[in-house]
**Student:** 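Got a structure here, written out as structure tokens. Questions coming.
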Amino acid sequence: MTDNLIRVDNLTMHFPLTRGVLANLFAREKKFVRAVDGVSFTIRKGEVLGLVGESGSGKTTTGRLILKLLEPTSGEVFYRGRAISSFSGKEMEGLREKMQVIFQDPYASLSPRMSIGKAISHPLRIHGLADGTLARDMTLTIMEKVGLTPASFLYRKYPHQVSGGQRQRVVIARALVTSPDFVVADEPIAMADVSVRSMILELMVRLKEEFDLTYLFITHDLATCKYICDHIAIMYLGRIVEIGPLQEVFRNPVHPYTATLLDAVPVPDPRFRRTLPMPRGEIPSPIDPPPGCSFHPRCSYAVEACRIQDPPLVDTGGEHSVACPVRTGRT
Amino acid sequence: MNPGDTILKIQDLHVEFPINIGTVRAVQGVNLELKKGEVMGLVGESGCGKSTLGFSILRLLRPPGRIAGGSIVYRGQDIVKMGRKDLLALRGSKIAMIFQDPLTSLNPLCSIGEHFVETLTTHERSIGRREALERSGKMLESLGIACDRLREYPHQMSGGMRQRIMIGLALIMNPDLLIADEPTTALDVVVEAQFLDLLGDLKNRFNLTIILITHNLGNVAQLADRITVMYGGAMAEVAPAGSLFDRPLHPYTRGLLASIPNIKLDQPKLMTMPGSPPDLVNPPGGCVFHPRCPLSIDLCPTQRPPVFSLDGHLVSCWLYRDSS
Amino acid sequence: MRNLFRYIISRTLMTIPMVLILLTVIFVVLRLMPGDPVSAMLGGHAPEKVIEQKREQLGLNRPMHIQYADYLWKICHLDLGESMVLQQEVTETITEKLPATIELTFFGMLITLVLGIFLGAYAADKRRTMRDSAIRLYGIVVYCIPVYWLGLMLQLVFGIWLDWLPIAGRTGPRIFPSDFERTGFYLLDTLLMRDWSSFGDVLIHLVLPAFTLGLTLSGIFVRLTRANMLDVLKADYILAAESRGIDHGKVVYGHALKNAFIPILTMMGLQVALLMAGAILTESTFSWPGMGRLLLERIYLRDYPTIQGVIIVFALLVAFISLLVDIIYAVVDPRIRY
Amino acid sequence: MNCSPAHGLTRPIRFFAGMGRKYGVEWWILCTGATVILAIILMAIFSPVIAPFDPYLQDAGPQLAPPGAIHLMGTDNLQRDVWSRIVFGSQTILLISVLAAIISSFFGILLGLISGYAGGVVDRSLSLVMDAVYVFPGLILAIALAAMFGPGVLNITFAVAVIYIPTYFRLVRGQTLAIKQELYVEAARAIGATSFTILSRYIFPNVIATTVVVFTLNVADAIMIEAALTYLGLGLPPSIVDWGMDLAMGKKYLPSGVWWLVTFPGMMISLLALGFTMLGEGLAEILNPRLLER
């Protein structure tokens with residue numbers, strides 16, 4: 001399995017619940033936010049994995065764990081077959097060149113007091129890849145590539161002086177300037193305006209081909225996945241409930257939650273008005289998740305066993321795995 | 001009033017925000033007619049003036065925003081010229097509004113019950129506190145919330161529940177027009193779908209007329225009878241929902257529809273629209289959309305297009321000058 | 001209610017480290033900073049032997065940690081030592097002077113709050129108008145007028161030129177406080193005794209000092225209230241309340257002010273320092289026989305134990321008021337309680 | 001330069017008008033403040049030229065003469081010219097308050113950055129101490145310090161500086177904590193920036209803008225505290241000309257109706273503090289990053 005670029009094995013992140021000093025003294029037991037709870041998947045070179053879930057499902061935390069912006073409670077991330085935790089400080093620096101990130105809010109991910117050119121060329125300087133005029137030329141080239149034209153004019157501008165769409169292009173350019181091979185895109189188009197979204201999405205698809213990239217595409221919007229993802233993973237309360245090739249999951253959603261999510265997407269066409277009722281209730285708190293299958297309180301297929309047993313992710317064939325013993329007929 | 005009668009008529013409405021560096025012309029000459037019992041979807045991108053239009057119906061513009069011209073006639077009364085007392089009596093009792101973010105729309109220091117009691121006693125002087133609480137409790141239960149939660153505070157509720165409380169507050173006086181300003185933007189997909197279902201259900205139960213303001217075309221497709229598309233403070237197109245999605249006329253509507261992902265259809269590729277939304281302090285001359293329009297003709301940059309009526313569509317575009 | 005109670009208990013416990021740190025800071029400033037208190041006390045040119053004797057008497061030649069332990073131990077027993085100048089217990093002197101300071105600061109604060117909060121809220125409601133600009137200007141100008149100078153100017157105008165109000169002391173020459181004194185709060189005492197002529201006399205003596213203190217501090221509260229009100233008025237729930245037909249005045253002075261009050265309250269806890277500094281300067285200007293005047297008098301007399309005692313009492317007052325503010329905060333804001 | 005003089009004149013005018021349109025009232029507040037400060041700074045620099053008399057000269061005129069043609073602001077009990085003392089007094093107060101603000105901002109910013117970025121035990125203990133000092137009345141602390149140190153320009157500067165360190169510390173620490181949470185700092189970590197780079201290139205430039213505002217407001221505060229200390233008779237020897245000391249002296253003669261001895265020094269203290277406050281108020285609005293978006 002050498003073509004696996006990224007492998008995530010049983011990744012877990014439990015944030016201790018922060019409270020006042022005194023509250024902690026009085027509390028009998030420490031509580032945790034179970035943000036990510038045993039997530040495993042692989043991303044092959046040149047593939048796009050869509051990580052889909054509602055807010056609080058742990059998808060963003062998973063992205064941060066892979067980038068080592070957070071230290072996992074347990075579990076491991078492998079890059080080209082090697083555990084990231086075994087990387088030395090120097091090697092980690094090299095890895096930062098190869099793994100990049102695009103955040104949801106381009107305005108917040110750029111320092112307001114650093115010019116666009118400086119921001120994009122900063123990774124080059126940090127990694128000692130280029131300096132002076134060379135760095136400037138490389139920056140201008142990448143700016144042209146992501147459509148930030150006229151590049152030499154925009155080079156000196158500050159983030160607040162350009163439009164929202166352009167800001168997201170700046171962030172993309174900064175992520176690509178060190179020629180990485182893996183990019184985590186955390187809801188890259190969620191903040192953009194409707195008419196700008198498709199532009200950014202198209203740009204990301206084009207750059208993927210041009211730079212031979214692999215993406216982890218984090219989103220809450222299943223409809224967008226269709227245009228960029230090869231595989232998708234559905235997350236609910238810190239766990240993956242279903243993972244598989246995009247077409248397969250769309251056509252044949254097995255987990256009741258996936259089916260709900262697919263049905264909930266508002267379709268911009270009155271011919272497809274939704275008729276099925278939505279399940280009641282909302283995602284429970286990740287502090288005290290329900291025992292067993294965390295979706296069972298809202299699930300119409302739930303049986304007694306769902307309340308007790310943690311459902312494992314089971315392969316149903318064709319790389320399609322589902323964590324629902326009832327629907328996969330394994331109870 | 002019978003279903004189908006005009007309940008609200010907006011004519012040539014202009015809204016301005018004077019700021020230090022100039023005047024933002026947020027709404028520029030919008031005409032709109034609303035029939036009793038219909039759901040009107042008001043769509044557009046951020047800054048297109050859709051929310052401003054919604055707020056001006058209740059004259060809730062934040063200073064320095066002001067209505068610079070035009071009329072908003074509700075059941076024969078012009079809201080623009082209405083006195084303060086009549087306006088207060090109208091707000092919340094005849095026309096109600098719900099907002100984008102349900103967390104920030106409730107006063108964090110007041111319990112849910114206090115919100116209801118305050119609204120009820122404002123409009124019905126004679127009502128007592130106990131009776132008000134009783135009625136509020138019934139309302140909450142009809143929305144699927146236990147009535148003992150009246151004692152709780154907004155921060156103790158989940159997002160979906162807060163939005164249902166907002167709608168309960170809006171409907172407690174039995175209004176006949178509900179303005180919903182991006183009511184689901186802050187909600188997750190599943191809760192959003194739940195909420196849209198609820199809204200559709202309440203429309204029938206309360207015999208409501210609804211203006212649904214949103215940037216999400218999927219939402220309006222699910223609920224609206226007619227749709228108004230706005231761009232750059234002006235109205236681009238008004239049409240019945242089905243016909244708008246089937247056969248959009250305005251180039252902006254077409255571009256917008258082709259650029260949003262549709263999970264049910266097999267579009268191989270999304271369209272993209274060049275450029276970015278206009279600066280409303282110095283809007284482009286003529287048609288606001290012409291700098292981004294692929295079909296722009298020589299008339300567009302100079303003259304503002306009037307509204308043409310075509311197959312039940314109202315469209316503000318020079319392309320249709322000969323067709324109507 | 002149980003939550004609130006638990007909060008109050010835990011917040012009270014949190015005051016202990018704060019008091020401890022304050023006491024330590026005072027100890028450090030008064031004993032470890034360069035400059036010898038004893039030679040300073042004796043005027044700088046006393047013979048070596050006298051200085052040594054004095055040090056012994058004050059226990060200043062013992063090791064520092066023992067002095068520190070002794071210092072804390074005595075404070076725990078409310079023992080602030082004995083004055084070096086007058087043969088009097090420091091605690092006694094302070095109990096005598098404290099009510100005067102509290103009376104002055106209480107009325108000063110009252111004037112500040114009424115003026116500051118009302119003007120600030122009004123300005124925020126009328127933002128970007130001439131009235132708003134005028135109130136903002138008032139806020140800035142008043143903030144920049146030193147309290148002692150305002151006191152002098154008010155004395156000049158109302159005390160000397162117009163001769164309407166007395167400019168010094170708590171009572172006039174023909175009033176004897178011992179006739180009515182019980183709690184030390186003269187206004188309260190005269191009221192309790194139904195001694196109306198004394199009550200009037202005490203009241204007119206309070207007017208100028210209280211206004212001096214209140215006016216200068218009102219500037220900062222105008223600015224604070226206005227800024228917080230502007231933030232709150234932007235909130236969606238304000239618009240939502242108006243959309244339900246609730247009267248604008250009720251929305252602004254009910255909903256908005258209540259919410260703006262929370263950050264103002266927090267700031268108020270922090271502005272206690274300003275209030276006390278203002279009180280000291282006002283007392284000095286108006287010869288008001290309170291803690292501030294006591295402190296300054298004893299600094300000139302180099303009465304070391306009394307100086308230390310007064311500063312300690314100020315520190316305890318600060319800690320107490322910030323505790324009080326936090327408790328009010330929890331009562332007003334349901335989010336703190338849960 | 002081939003610009004005509006007229007062109008050279010219209011450009012600044014257009015700049016001022018343009019800023020005025022962009023920022024409204026705030027710009028004019030800033031300009032007023034800056035003008036007042038500039039005037040008093042010039043007064044301090046050119047004191048010997050401006051002052052008609054030696055400020056220490058004891059028989060410059062009659063005793064306690066009211067303001068008139070020769071003595072613009074009258075004379076004091078020692079027959080000294082009040083206006084000349086005002087002119088020379090500006091040197092003392094400007095020097096002490098600005099120097100004190102520079103000293104306290106240096107230590108406050110440094111400690112705040114370290115504390116906010118490092119976090120943990122260092123942060124918690126440093127914050128506890130700083131918070132305690134912050135809530136404690138600064139004037140009392142300054143009085144105690146001034147009394148301990150004895151009179152002297154450097155002593156009073158130090159006494160004033162100490163009490164403002166917590167102000168900067170709290171501000172910078174809070175800002176550092178907030179900016180540490182910002183997405184752009186996380187983005188910087190993701191591109192591999194070291195702690196030092198993040199602190200110097202991302203956090204510091206964003207912290208310093210707010211600090212500039214607080215600095216000017218702090219100078220205004222320091223002016224009033226300095227004058228308060230000298231008014232109370234602490235901090236400076238009588239051989240130095242100082243507005244606060246003059247005010248205290250004037251207070252003695254107030255009951256006999258001598259108004260000029262208290263009015264003018266007090267007015268100058270207020271005016272100088274007002275200048276810095278207005279500058280700060282204007283800067284606060286103009287440097288506000290929320291406004292950058294427009």
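Just so it is clear, the model here is predicted, and its values are computed rather than measured.
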**Student:** Who among Thr119(B), Asn107(B), Leu87(B), Leu103(B) has the most heavy-atom pairs with chain C under 4.5 Å?
**Tutor:**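 Heavy-atom pairs under 4.5 Å are most numerous for Asn107(B).
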**Student:** Name the region of Leu106(B), side chain, backbone, both or neither, that has any atom closer than 4.5 Å to a heavy atom of chain C.
**Tutor:** backbone
**Student:** Give, as side chain, backbone, both or neither, the part of Met166(B) having an atom under 4.5 angstrom from any heavy atom of chain C.
**Tutor:** side chain
**Student:** Tell me, yes or no, whether the heavy-atom count around Lys126(C) atom NZ, taken from other residues, nucleotides or ligands under 6.0 Å, exceeds 12.
**Tutor:**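 Check passes, neighbour count above 12.
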**Student:** Give the minimum heavy-atom separation between Thr225(C) and Ala121(C), together with the two atoms involved.
**Tutor:**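 Answer, listing the atom of Thr225(C) first, then Ala121(C): CG2-N, 3.7 Å.
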**Student:** Give, as side chain, backbone, both or neither, the part of Ile95(B) having an atom under 4.5 angstrom from any heavy atom of chain C.
**Tutor:** backbone
**Student:** Mind ranking Ile172(B), Ile98(B), Leu109(B) by heavy-atom pairs under 4.5 Å with chain C and telling me who comes out on top?
**Tutor:**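 Ranked by contacts with chain C, first place is Leu109(B).
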**Student:** For Ser105(B), is it the side chain, the backbone, both or neither that has a heavy atom under 4.5 Å from a heavy atom of chain C?
**Tutor:**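 Both parts, backbone and side chain.
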**Student:** If we count only N and O atoms by modelled type, under 3.5 Å, do the side chains of Asn216(B) and Glu182(B) hold a donor and an acceptor together?
**Tutor:** no
**Student:** I'd like to know if the side chain of Gln163(B) reaches the main chain of Thr184(B), judged simply by a donor and an acceptor atom lying under 3.5 Å from each other, with no hydrogens or angles considered.
**Tutor:** no
**Student:** Given the ring of Tyr143(C), does Arg223(C) sit roughly above its face, with NZ or CZ under 6.0 Å from the centre of the six-membered ring and within 45° of the axis?
**Tutor:**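 Yes; both conditions hold, so Arg223(C) lies above the ring face of Tyr143(C).
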**Student:** Examine distances only and state if a side-chain atom of Asp189(C) and a backbone atom of Gly184(C) form a donor-acceptor pair shorter than 3.5 Å.
**Tutor:**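 Judged by distance alone, yes, a pair lies under 3.5 Å.
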**Student:** Counting only heavy atoms from other residues, nucleotides and ligands, does the tally under 6.0 Å from CZ of Arg151(B) exceed 12?
**Tutor:**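 Atom CZ in Arg151(B) is not crowded, with 12 or fewer foreign heavy atoms closer than 6.0 Å.
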**Student:** Which pairs with one or both residues in residues 91-129 of chain B pass ring-ring contact (aromatic ring centres under 6.0 Å, His included), sequence neighbours excluded?
**Tutor:**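 Applying ring-ring contact (aromatic ring centres under 6.0 Å, His included) to every pair that reaches into residues 91-129 of chain B, excluding sequence neighbours, yields Phe55(B)-Phe99(B).
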**Student:** For the candidates Ser93(B), Ala89(B), Pro175(B), Pro108(B), which exhibits the highest count of non-hydrogen atom pairs separated by less than 4.5 Å from chain C?
**Tutor:** Pro108(B)
**Student:** May I ask you to list the residues in residues 247-262 of chain C that approach chain B closer than 4.5 angstrom, counting heavy atoms only, ordered by number?
**Tutor:**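 When heavy atoms of chain B are the reference, residues 247-262 of chain C contributes Asp247(C), Lys250(C), His255(C), Lys258(C), Asn259(C), Ile262(C) within the under-4.5 Å range.
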**Student:** Which residue out of Leu60(B), Asp101(B), Leu58(B) racks up the most heavy-atom pairs below 4.5 Å with chain C?
**Tutor:** Leu60(B)
**Student:** Among Ala235(C), Ala240(C), Ser243(C), which residue forms the greatest number of heavy-atom pairs with chain B at distances under 4.5 Å?
**Tutor:** Ser243(C)
**Student:** Can you run down the ring-ring contact (aromatic ring centres under 6.0 Å, His included) pairs that involve residues 108-128 of chain C, sequence neighbours left out, and say none if there aren't any?
**Tutor:** none
**Student:** Can you see whether Asp176(B) engages Tyr74(B) through a side-chain donor-acceptor pair at a distance of less than 3.5 angstrom?
**Tutor:** yes
**Student:** Strictly distance-based, threshold 3.5 Å: is any side-chain N or O of Ser133(C) a donor or acceptor partner for the main-chain N or O of Thr129(C)?
**Tutor:** yes
**Student:** Could you verify whether a donor N or O on one side chain and an acceptor N or O on the other, from Asp78(B) and Ser71(B), lie under 3.5 Å apart?
**Tutor:** no
**Student:** For a side chain to side chain donor-acceptor pair (under 3.5 Å) check, start with the C-alpha distance between Thr15(C) and Arg11(C), then their side-chain angles and the critical distance, and finish with the verdict.
**Tutor:** CA-CA 7 Å; Thr15(C) 319; Arg11(C) 180 61 188 78; 3.3 Å; yes
**Student:** Spell out the residues in residues 125-134 of chain B that have some non-hydrogen atom less than 4.5 Å away from a non-hydrogen atom of chain C, in order of number; otherwise answer 'none'.
**Tutor:**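 The list, in residue order, is empty: none.
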**Student:** Are side-chain N/O atoms of Ser158(B) and Arg162(B) paired as donor and acceptor at under 3.5 Å?
**Tutor:** no
**Student:** Which atoms of Arg84(B) come close to chain C, meaning under 4.5 Å heavy atom to heavy atom: side chain ones, backbone ones, both, or neither?
**Tutor:**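 Side chain only.
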